[in-house]
Amino acid sequence: MASEKEAALAAVPSDSPTIFDKIIKKEIPSTVVFEDEKVLAFRDINPQAPTHIVIIPKVKDGLTGLSKAEERHVEILGYLLYVAKILAKQEGLEDGYRVVINDGPNGCQSVYHIHVHLIGGRQMNWPPG
């Protein structure tokens with residue numbers, strides 16, 4: 001399997017369906033940890049820490065990355081972060097965690113459907129990468 005960096009450099013920004021759309025439709029299995037009418041959260045298949053959860057909006061609405069955000073996306077962006085906080089508590093990450101949004105090739109974004117990574121369960125390092 002290609003590295004995350006290689007995958008990000010090979011990814012093509014598009015409004016076409018992504019692997020996340022298939023996960024939302026349950027066409028691809030995932031370990032779901034949270035789901036409501038707005039978002040789906042599942043365990044990352046290549047975790048970077050003991051806890052690594054991906055949180056995605058169920059409706060992309062042109063929001064392929066943070067750099068594509070418009071005023072109409074403010075509510076869902078805030079909700080993604082709120083769900084990250086809920087999941088951090090649910091996962092017992094009282095000592096801290098990291099929330100990451102990769103954007104574009106240099107940001108190592110490999111799936112063009114905005115998503116938030118909730119990472120924790122170990123000491124994070126700085127700078128991150």
Members sharing Ile119's hydrophobic cluster (side chains within less than 4.5 Å): Val100, Met124
Cluster check Ile24, Phe42: I/L/V/M/F/W/Y, side chain < 4.5 angstrom: yes
Minimum heavy-atom distance Leu118-Ala88, with the two atoms named: CD2-N, 3.7 Å
Could you list the donor-acceptor pairs under 3.5 angstrom formed between side-chain atoms of residues 50-58 and any protein atom two or more places apart in sequence or on another chain?
from  : atom 1 : to     : atom 2 : distance (Å)
His52 : ND1    : Gln48  : N      : 3.0
His52 : NE2    : Asp44  : OD2    : 3.3
His52 : NE2    : His117 : ND1    : 2.8
Lys58 : NZ     : Glu35  : OE2    : 2.8
Lys58 : NZ     : Asp36  : O      : 2.7

Hphob cluster co-occupancy, Tyr82 + Leu80, side-chain heavy atoms under 4.5 angstrom: yes
side-chain hydrogen bond (donor to acceptor under 3.5 Å, both in side chains) partners of Gln123, counting only residues at least two apart: none
Student check: side-chain heavy atoms of Thr18 and Lys60 closer than 4.5 Å: yes
Ile45 with Ile23, same ILVMFWY side-chain cluster at under 4.5 Å: no
Residues in side-chain contact (heavy atoms from CB on, under 4.5 Å) contact with Glu27, at least two apart in sequence or another chain: Lys22, Lys25
Worked verdict on Val111 versus Asn102 for side-chain contact (heavy atoms from CB on, under 4.5 Å): CA-CA 9 Å; Val111 179; Asn102 300 326; over 6 Å; no
For Ile101, all residues meeting side-chain contact (heavy atoms from CB on, under 4.5 Å), sequence neighbours excluded: Leu66, Ile114, Val116
Contacts of His73 that satisfy ring-ring contact (aromatic ring centres under 6.0 Å, His included) - sequence neighbours left out: none
Nearest heavy-atom neighbours spanning Gly120 and Ala49: O-CB, 3.4 Å
Pairs where residues 96-122 contributes a residue and the test salt bridge (Lys or Arg N to Asp or Glu O under 4.0 Å) is met, not counting sequence neighbours: none
Any residue meeting side-chain contact (heavy atoms from CB on, under 4.5 Å) with Leu81, in chain and number order, not counting sequence neighbours: Val99
Salt bridge (Lys or Arg N to Asp or Glu O under 4.0 Å) contacts touching residues 84-95 (sequence neighbours left out): Arg43-Glu91
Linked hydrophobic residues, Trp126 as query - side chain contacts closer than 4.5 Å: none
Val59 reachable from Val39 in the ILVMFWY side-chain graph, under 4.5 Å edges: no
Contacts of Tyr97 that satisfy ring-ring contact (aromatic ring centres under 6.0 Å, His included) - sequence neighbours left out: none
Results of side-chain contact (heavy atoms from CB on, under 4.5 Å) for Gln90 - residues two or more places apart only: Val33, Leu87
Taking every non-hydrogen atom, the tightest pair across Thr64 and Gln109: O-NE2, 2.7 Å
